[in-house]
Structures are given as structure tokens and as C-alpha cells.
Peer 1: 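Structure incoming, see below.
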Amino acid sequence: MEYNFQSIEEKWQKFWKENQTYKITEDPNKEKFYVLDMFPYPSGAGLHVGHPLGYIASDIYSRYKRLQGFNVLHPMGYDSFGLPAEQYAIQTGQHPAITTEENIARYRTQLDKIGFCYDWSREVRTSSPEYYKWTQWIFKQLFDCYYDNETNKAERISKLVTRFETEGNATLNACSDYETIFTAEEWNAFSTKEKEAILQEYRLAYLADSWVNWCPALGTVLANDEVVNGVSERGGHPVEQKLMRQWSMRIKAYAERLLQGLETVDWTDSIKEQQRNWIGKSQGCSVKFEIANYELRIANSINPQSAIDNPQFIEVFTTRPDTIFGVSFMVLAPELELVQSITTEAQRSEVDAYIKAASLKSERDRQADVKNISGAFTGAYAIHPFTGEQIPIWIGDYVLASYGTGAVMAVPCGDQRDWDFAKHFNLPIKNIFADTDISEAAYAEKDAIIADSDFLNGLDCKTAMKKAIAIIEEKGIGKGKTNYRLRDAVFSRQRYWGEPFPVYYKDDVPYLVDDQHLPIELPEVDKYLPTEDGEPPLARAEKSAWNYSEGDRMEFNTMPGWAGSSWYFLRYMDPKNENEFVSKEKVDYWKNVDLYIGGSEHATGHLLYARFWTKFLHDQGYIPFDEPFKKMINQGMILGRSSFVYRLNFSSILLENIQEKIKEVFISATFLEKLLNSKITAFEVIKNNSELKITFLDQRANYQPEINFEKKEIEYVNKIWNDVNKSHGHKCVALRLDLSFILSKTPIHVDISLVDNDKLDIEAFKKSRPEYANAEFILEENGDYICGSEVEKMSKSKYNVQTPDELVEKFGADTLRMYEMFLGPLEQSKPWDTKGITGVHGFLKKYWRLFHLNGNFEVSDAEPSKEAMKSLHKTIKKLRDDLDRFSFNTGVSAFMICVNELTDQKCNNRHVLEQLTILMASYAPHVTEELWSKLGHAAGTLIDATYPEFNEAHLVESAYNYPVSFNGKMRFVLNLPLDLSIEQIQEQVMAHPDTMKWLEGKTPKKYIIVPGKIINMVL
RNA sequence: GCGGAUGUGGUGAAAUUGGUAGACACGCCAGACUUAGGAUCUGGUGCCGAGAGGUGUGCGGGUUCGAGUCCCUCCAUCCGCACCA
């Protein structure tokens, strides 16, 4: 009986579905294990072979854990709100829900064909109202909380209000940018609107006018992580800064905990580092510098009010308070308002010109232009708080208005940028580090001893920092402070296809919709575009189109893509719960995700937001953990292997009948290579009567008499002439080809479905495009057209997309699963190449054959042989070790070795094959399930079989092949019993004839004998 | 510039604690069977060399009886961050 994978896979997929083999329930008697794949967006393009890589790995691991007796939660669902479906809706008018539904159906078909053990009864979709009801509910909780720095967690707004009513906000320590102090009396006197405006400054989800990344092409704002190099991550459209009233999330409040939590999770250093960078913690101290002659400045200012409004101090943030005596000037960001009031008349024109120039530079230009030092002197001076010296105040665009206070105390001896600025403008550089040379560059290391610094003299940096902060605080001119680069995340989008907010407005004040009215469903609209006055698409909805409405109007923004994906892993635990987002009982059982597999591209988006929401839900007591994903593996990208054809570009071709169109001529890659490796750069062939005259030319088409061409090169030219001429009905009279021109042209991508093993299917290629219909080819000797190739990202435009479907059809899901694992380590990026798939397919056939004799199923019930047990237990151990360290590729090799050995042993022992089948069940679920039932087990019971136990006894050897080395070089192998003592081993080795040969008459100076390992002699 | 990762045959890779480098597979070569093969089976295959042998894990150095593995220097590729005070 042949290994008929098609019928086997179809049969079992149907069985699993009908019998709900993979449906799981909470079972307090079993230990839980939660394996999760990153939430996919169901794109219209469907799956390519790169997508299932992680899914296969997680599936293998889930099955492995289940076989070991764990209760494994392994769900799948769809992050189904998103831009592509909406863009499609705008173009076609089709409701995005329909497109989304179709795409999900396609995904599901593709996923089902690979044989995953997902519990589909737990599927969730972010775009379904049953799901987003709870996204809205969580938003409400965030709205109703603030971050209390004293309890170090999120607390209810009602607690804050009580505090305001009794004490005002003077003693409050909460996360907010609100700095105005009010008393309880003042608070109680505020109007509702005023009170709400203040509360917005504290809420974790809040409405505020903030500078946002506005993307005109997408018609929406974007979060910082959705902007890469000044353009939108999706689509690459330009992004500008715009002040808009938007919902935001006060993620800043969690900066420190998000940073600390990284220590507790098992993620790659690379992702953790990216999150640390994004959070950007820096510790230091704020210091106030008094502005000299401030009164005078006010009197002279053209805008006295501005001067009065601004403080007479410049506050800076520094991470190096130990270098405070090294300050020799200050630099302000040019856009700072303070600059206007301190600039002297003499400097005004220069300063204004500089500010104007700086404002014209885009954020991107400013970043690109790091080396160009620029700035201007304001004419004003600050007073050094310790020395009383007057230090000049400059402006320069290397100081960013958005970070810290937008001002720096410049310490040129210790900071390279300050040093560069000082050198450029010839400002004083004061060295406060003992025994350092700062003539060529700043000394930025923190290992110097401080000098010329009054009370800091003789101290090392660390001690000096502490002392400096202490004295600065004592003097009341500043205090120790920690800064974070992390900014609050914009939470609204001006789009249609997203979660509506559970918010209505009355008198421009936002109010939450009561829980009983949730979910607020997406209303129908006539068009998925903004209104004429630029309101988001939801503003088009009639009041009656809303399932609930209240107040003057509903919120027209929708939530961003990361809203639904920030908590989806919780919903899988209890997907149908209508009363809670997840029940306490279920979340207490399943807890956080034990293994999370997905790409690394969400490092600063999804992975940070999900951590933030988890911490918040934990603070509020809804879930018992505060990190969502304990261990994460980032699978590498599967790259495509593109194929190329090379079109010849004849700079001149003459035909007898010049009306005839010149055909497309393609040259085979191997032949092209030969040609390029020859001395030929260009040639011309002219037919004179029946004689051919070949002329070799240089790049300028000049005749090259000095090069002697070999016979083979003449042959190459002849071949081209013949092939081209043949294709043009032998009407060519002249031909000129410039090879360097071919190289300068990009090779043409050809669809990989037309190529097999680099060989082009010429007929199919001709049919693929009308302009190729009459193409002609310069082929290899054997008549093949060989394509060139290159490894690139898989994409439609490169015609190198390989879908899993065709491979499943050709080789089966089991082969695909094993092959994807066999490619190499999961984390590594690698090119997709189907060349090796036959090897894996052959292995499965070989495995199948172990169970069959002359085409009939036949296994032996005899006692297994010693060597078969050894092969088996070697494999059991190897697989256990490999899976425990997520080395999926080496597991496949181990199976191959085992099957090869059992085949050599002609082993068809029931016990051995049965155990091997359980081991392989997680990798190749279909074929193992088939053979498992043939072995006499009930259908569908393989997934809960008892995982084989490793027994060392089967691997015990009595003898060992010792590698015998001389000076560390292995010379021969000697088989010796393992129970020999070191002395006996030495005796045996010395007695061996080969030893004599390698000793060359010398006596070894030293013997290194490690029993069971090696023998080495030092000569 | 800073940080992280990677570098081993023609190719994908393996070598888990320092102990026979290249397992396993592709490809290639030779052979068997076959009307045929993208089927199956057998043998070979790092490089140089006829052979003995030499040589070999990006380069150079070090530690060690012994280094792909540990340490130092440099180089290359990929990814992330980048005036963050």
C-alpha cells in the first residue's frame, strides 16, 4: 500500500473537525500550558509559506505538551479591524465586514489544510461586536482610572475626586502634566466642565489637544510606533505634526514598570533592548539657572508680557550633575518661547534668522543633518548657581524642544555634541576631569576623577553625582529626577473600520456610555470617507444608524488597531462570556501565555501596549499576573528566492525586411555568465553575402584589434547570431550587442511558478504575457533556459511568493510541516527553497514503509531487538532535549536518523514503531494518526497517548570507539571496552601498531586519557 | 556613532558541558532496476594531492594536552536605535 497522503490528510482533518478532537476545557486536575501565535490580520493575499512557520512550531510544541499530559490552550483568531479592508471599501463601496469575512474564510481554509490543533471553538475576531464590546469596556475602565505614584498602581477616579474635594491637589503624587495647584475650596467651586477638564489631565484614557502625527494620505493620525523615518509604516506616506483634539493613553505612567517588567520575561535581548530604547529612561537631576539681569531684560523687551510670563530661570535636565562645574554655556531649542524674551536687540536679527531657518527644516532633515553644526547667540547670560559666573545662552537645533525642558547646560569637556558646538563657535572649554586630554574630543567616559569643581574635587563620577544632587536639592535649585522618552500613545483614528468609542458628548464634555448599552456598534454610513468638513467617516452616520446614542453626539473617532490586540489573549480563555471580558475562574486557571510565537516587528507596538493593558488590568484586580507573555520566540522571516530572465538589448539589429518587428530575445543565465566571464564586452556581426564578419568592440563601440579572442568566444558569438537569426526567419544582416548594457539593466523577475529547479518552462513563459508570445531564447547546450536567482523578501511584485497550498497538494501537509522545520533554526531568517522538500517527503515514505511488507500493513509482535531499542531511545532523548530548547529543526533530523537505522535493521517491531509514532505525532499528525489507528488504536486517541519515557539502560554500551590523537590531531580510532582503567587504556593504545607509526620513535611526554571520551598524546 | 544578532562544504544546516568538524537533507558524480522518470535502490562526495599525506569553521592573535565552542583585535552582512542632554 502506497503512502497516499492526500486521502490520509483529508480523512483525518475531517475526523478531527467532526469529533472536535482539539476542543479543550478547563481541567483543574491537569497542569495548564498556554501556547499562542501572534494575532494575524487576515489580508486579502492569503497565507504564503512564511506565515505558517511560527504556527507549525507552536503547533508541534502544543501537541508535545499535550502528549506530556498538560492541558494545552492553543487558540487562533483574527485581528480583523484594519486599513486594507477599509481602503478596499473606499475604492469599491463594499462594506469592510464583507471583505473581512471573505479573507477570514480563505485564511481558515488554508490553515485547516496544514492540520493545526487549534481549538476553533474559541476563535475570536476583534471586529465582532461580541468581542469589541469588551474592548470598549476596558477603555471605560482606563477612562475611569488615574495613576497614583504613591500606591504605584492605577486607582479609580472617584478616589481622586474625593481627594480633590478634601485636600485639593497640592500634596497629590499622581501621573499628570497638570501643574496648577488648587485647594479643596477652589475645586468645589469649579464648574462641571472645569472639573472634567482637570480630570482629563489625570485619566489613563484622556482627551487632549496634542501634537499628533497626521498622515494626510491616510486621513488619520498615527501612533509613534506607526511612523518610521517620518513616513507611515503602512504605505510609506508622509506624516506631519498637527495639533488635534485626540484620545490618548497615559502609557507614560507605566514607563518604569514596563521597564522593570522586562527583567522578568524570557524574550530575546534584541526585543527587550528595543523596548528599553523606546522607553528611554535617563536618570539625573534638574537644575535651575538664573537669567542674568532679568529685570533689565523685561524693561528692554519688545514683548514685556512674554518676559513676565516666562520664569526668570532656565531649567535644564542633566544626567551628569557631577559635571556642573564644567558648564561654560547653555543651549536652548530654537522654538522655545523663552528665547524671544531673553534675546538682546543686538542679537535679535541673527536669532530670528536662525529660528526661521531651523523651523523650515523638517524633523527628517534635522535628523539627517547631524554633522552640520549651527546655532546663534542670544546675547543673554545665565548665572552659574555655584560659581556665580556669567555664562552665555545660545540656541541650537541640536537641542530638541520635545525632550526634557528643551534646554541643556553645555559641558563641552564631557559631551561630544557640546564639545563640537563649542569648537565651532569658539566657546570656552573647561576641563574638570583630572588627567584627561580633551584637545581632540570630549571625555565622555564616567571613570575620571573630578577636578576644579569646588566641593566635588577628587571624587569619582558616581560619588560626585550623588553629592551634586544632594547639594543642588539643599540649595533649592533643582532635584534628582528621572526622565523617560516614552510618550503617551494617541488612541483615536479618523477611520471607519475600527472599534467605536463608548463615548458621547454633551456641551463638548465627553461622557461614558453606560455598560448596559454596550457594545456601541459601528453604524452604517453611505461612504467610508471623511465628511466635507473633515470629520471622520462615523460623522456621516444618521443618528438612527447608531444602536445607541446619547447627548449632543456620539464620538466619531474609532480606536486604533492595537486596541483589540492588546487583550485578545485573555478572551481566548473565555470567548463566549457575555457578562465579563474573562471570568475570574478561567483567567486564574489559564494565567498568562507560556509560549508566544511571532515576528519581531511588533517590538514597540503591540508588545508594549499589551504589556501596558495587562498591568492596568492587574492593578484593577481583574487578572492575577502583570506580564502577558512569559516566553517569546521570534521566528525569522522566510525570504523568497526570485528567478530572473535576462533580455538581450541589441543596440543595433538590421534585418533584410526592416518592417519586421524585433522580437524579445532572452539569454539563459549560465550562458550569459560564460559570456560575461569571457573577454567579450561588445561585438558586431555583419553578414556579407554568405560570409559572417565578427568584430569585437569596446564600450565606446570602437574596434578592438589588440585582444586575441579564443575559439570558444567566437563560438559564443556564432551561437547568438544563429539563435537570433533563426528567430527572425534568417533575415538578419547585422547585429550589435553590448554586454555591459545588459548588466546595467536590472534582470527581469519571472514568476517562480514558471520555473522549476532554475529551468524555465518556456512555453508557459511565452503565454504569461502577450509581449513574450513571440519571444526567442538563447539556450544552453542541452536546450534548457536556466534562470538567474536571488534571495529577496517575499512579495507579489517580485513574483516569488510561494503559497503553502500548492505544496500541500503536491507533498502533503505533513511534509510541509516537517520541511518548514527542517529548514533551520526557527529564529533565523532564511530563503525559501523547495529543493530539499523531496528529501523530507522521501523520509515520510520511508517511515510509512517500515509498517509495510510487500505493500501490506505488517508489524511484528516479537521482542524488539537491542539495537532497535537503542535507536528508539536515542531518538526519545534527542527529541525531548530538542523540543525543550525549541530546536525544531534538529528534531526532524533525529527522526530521519531513526528511520534510516530501523530500515537498515529491517525493524517492523510493534513496540518500537508505536513509540516512534507517538514521538512523531506532533510533527506529522496525519500520517501518524493513520498508522496509529492501523496499529489497532481508537481513532483520534493519538493526541492523548502516553509520551514515551526515556530509559538510559538502552543506550549503555560496553565498548567505545576512542579517537586517538597525537598533539591534538586525531589519527585513528580504537575500539576498547568501556570498563578499562586509564592504565589499561594506555597499555592497549601503546600496543597498537598505528601508535608506533605516529610516535615516530619518540616517547609521549604526556598522556591525556578521558575514559569514554578521548585519548591524546603529547609528543 | 551606539546596541543586538550572525559568519562552518556547491546549498539548507549539525556539533547541547572545550573532546572524532560537516550529522541529517538537497545538489552533484557513478551504478542498478525501468518503455519512461521529478519513482525506487546502492556507492561516492569539504578543499589540495595520483598517493602518502597536508589543510580546513570570516581575518589575525591568545589560553589549553585539545578551540567552531573560551578571551582579545579586526573585517563583513543583517536588524534596531540615533542629536535623548
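To find a chain, count down the sequence lines: A is the first, B the second, and so on, and within it residues start at 1.
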Peer 1: Under the side chain to side chain donor-acceptor pair (under 3.5 Å) test, which residues partner A/N1016, sequence neighbours left out?
Peer 2: none
Peer 1: Show every ring-ring contact (aromatic ring centres under 6.0 Å, His included) that has at least one partner inside residues 887-907 of chain A, sequence neighbours left out.
Peer 2: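 Residue pairs with at least one partner in residues 887-907 of chain A: A/F895-A/Y923.
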Peer 1: Restricting to side chain to side chain donor-acceptor pair (under 3.5 Å), what partner residues turn up for A/D420, sequence neighbours left out?
Peer 2: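 Partners of A/D420 by the side chain to side chain donor-acceptor pair (under 3.5 Å) criterion, ordered by chain and then number, come out as A/Q416.
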Peer 1: Using Watson-Crick and G-U wobble pairs whose two distances are both under 3.5 Å, how do you write the pairing of RNA chain B as dot-bracket, with | for links to another strand?
Peer 2: (((((((..(((......[....)))((((((.......))))))(((....)))..(.(((..]....))).))))))))....
Peer 1: Among residues at least two apart in sequence or on other chains, which ones pass salt bridge (Lys or Arg N to Asp or Glu O under 4.0 Å) with A/E957?
Peer 2: A/K870
Peer 1: In whole angstrom, give the distance that lies between atom NE2 of A/H841 and atom P of B/rC26.
Peer 2: 13 Å
Peer 1: Choosing from B/rC24, B/rA5, B/rU40, which nucleotide comes nearest the side chain of A/D269?
Peer 2: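 For A/D269, the side-chain atoms sit closest to B/rA5.
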Peer 1: Just the rounded figure in Å: distance from C1' of B/rA21 to CZ of A/R971.
Peer 2: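 Rounding to the nearest Å, CZ of A/R971 and C1' of B/rA21 are 15 Å apart.
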Peer 1: Can you check the A/F811 CZ to B/rC26 P distance for me, whole Å?
Peer 2: 12 Å
Peer 1: Salt bridge or not between A/K877 and A/D881? Use side-chain N to carboxylate O under 4.0 Å.
Peer 2: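 Yes, charged N to carboxylate O under 4.0 Å.
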Peer 1: Flag the pair A/V899 / A/L916 as yes when at least one side-chain heavy-atom distance between them is below 4.5 Å, and no otherwise.
Peer 2: yes
Peer 1: Using nucleotides 14-18 of chain B, report all nitrogen or oxygen pairs with the protein that are shorter than 3.5 Å.
Peer 2:
{"residue": "B/rA14", "atom": "OP1", "partner": "A/N889", "partner atom": "ND2", "Å": "2.8"}
{"residue": "B/rA15", "atom": "OP1", "partner": "A/R885", "partner atom": "NH2", "Å": "3.3"}
{"residue": "B/rU16", "atom": "O4", "partner": "A/K878", "partner atom": "NZ", "Å": "2.5"}

Peer 1: Applying salt bridge (charged side-chain N to carboxylate O under 4.0 Å, His left out) as the test, list every pair that has at least one member in residues 270-284 of chain A; sequence neighbours left out.
Peer 2: A/E256-A/K281, A/E263-A/R276, A/E273-A/R276
Peer 1: Using a 4.0 Å heavy-atom cut-off, does A/K1005 contact any base of the nucleic acid, only the sugar-phosphate backbone, or nothing at all?
Peer 2: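 Nothing: the residue A/K1005, judged by heavy atoms under 4.0 Å, touches no strand.
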Peer 1: Using a heavy-atom cut-off of under 4.0 Å over every strand shown, decide if A/N900 touches base, sugar-phosphate, or nothing.
Peer 2: sugar-phosphate
Peer 1: With rounding to the closest Å, how many angstrom separate the C1' atoms on B/rG62 and B/rC74?
Peer 2: 15 Å
Peer 1: Taking the minimum atom-to-atom distance to the side chain of A/V973, which one of B/rU20, B/rC26, B/rA25 wins?
Peer 2: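 Given the options B/rU20, B/rC26, B/rA25, the side chain of A/V973 is closest to B/rU20.
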Peer 1: Among all residues two or more places apart in sequence or in another chain, which pass the salt bridge (Lys or Arg N to Asp or Glu O under 4.0 Å) test with A/K878?
Peer 2: A/D882
Peer 1: Distance check needed: B/rG3 C1' versus A/E273 CD, whole Å only.
Peer 2: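 Taking atom C1' of B/rG3 as the reference, CD of A/E273 is at 6 Å.
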Peer 1: Partners of A/K830 by side chain to side chain donor-acceptor pair (under 3.5 Å), sequence neighbours excluded?
Peer 2: none
Peer 1: I'd like to check the salt bridge (Lys or Arg N to Asp or Glu O under 4.0 Å) partners of A/K288; sequence neighbours left out, ordered by chain and number.
Peer 2: none
Peer 1: If you check every side-chain atom of A/N1016, which of B/rA13, B/rG19, B/rC26 has the closest atom?
Peer 2: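 Of the candidates, B/rG19 comes closest.
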Peer 1: A/W848 CH2 to B/rU40 P: how many Å, rounded?
Peer 2: 16 Å
Peer 1: Let's see if you can work this out: which of B/rC83, B/rC26, B/rG54 has an atom nearest to the side-chain heavy atoms of A/K835?
Peer 2: B/rC26
Peer 1: So which nucleotide from B/rC24, B/rU20, B/rA85 ends up closest to the side chain of A/M970?
Peer 2: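 Out of B/rC24, B/rU20, B/rA85, the nucleotide with an atom closest to A/M970's side chain is B/rU20.
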Peer 1: What residues from residues 325-332 of chain A pass a heavy-atom cutoff of under 4.0 Å to RNA chain B?
Peer 2: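 Hits under 4.0 Å, by residue number: none.
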Peer 1: On a whole-Å scale, what distance lies between the C1' atoms belonging to B/rA15 and B/rU40?
Peer 2: 32 Å
Peer 1: Could you give the CE-to-P distance, from A/M896 to B/rA25, as a whole number of Å?
Peer 2: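 From A/M896 CE to B/rA25 P: 6 Å.
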Peer 1: Could you go through A/D884 and A/Y64, starting from their C-alpha distance and side-chain angles, then the distance that decides it, and tell me whether this counts as side-chain hydrogen bond (donor to acceptor under 3.5 Å, both in side chains)?
Peer 2: CA-CA 10 Å; A/D884 286 346; A/Y64 168 65; 3.0 Å; yes
Peer 1: Which residues satisfy the ring-ring contact (aromatic ring centres under 6.0 Å, His included) test with A/Y819, sequence neighbours excluded?
Peer 2: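 By the ring-ring contact (aromatic ring centres under 6.0 Å, His included) rule, A/Y819 matches A/W832.
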Peer 1: B/rC81, B/rU55, B/rG19: which one has an atom nearest the side-chain heavy atoms of A/R485?
Peer 2: B/rC81
Peer 1: What's the closest nucleotide to the A/I1014 side chain, out of B/rA23, B/rG38, B/rG19?
Peer 2: B/rG19
Peer 1: Roughly how many Å apart are B/rU64 and B/rU69, using the P atom of each and rounding to a whole number?
Peer 2: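 Result for the P pair: 16 Å, nearest Å.
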Peer 1: Hey, is CE on A/M990 packed in by over 12 heavy atoms from elsewhere, all under 6.0 Å?
Peer 2: yes
Peer 1: Counting heavy atoms from C-beta on, name the nucleotide in B/rU20, B/rA85, B/rG80 closest to the side chain of A/V399.
Peer 2: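 Nearest to the side chain of A/V399 among the choices is B/rA85.
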Peer 1: I want to confirm an ordering. Mapping A/I1008 and A/K969 to their closest nucleotides on RNA chain B, which one lands closer to the 5' end?
Peer 2: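 So the residue in question is A/K969.
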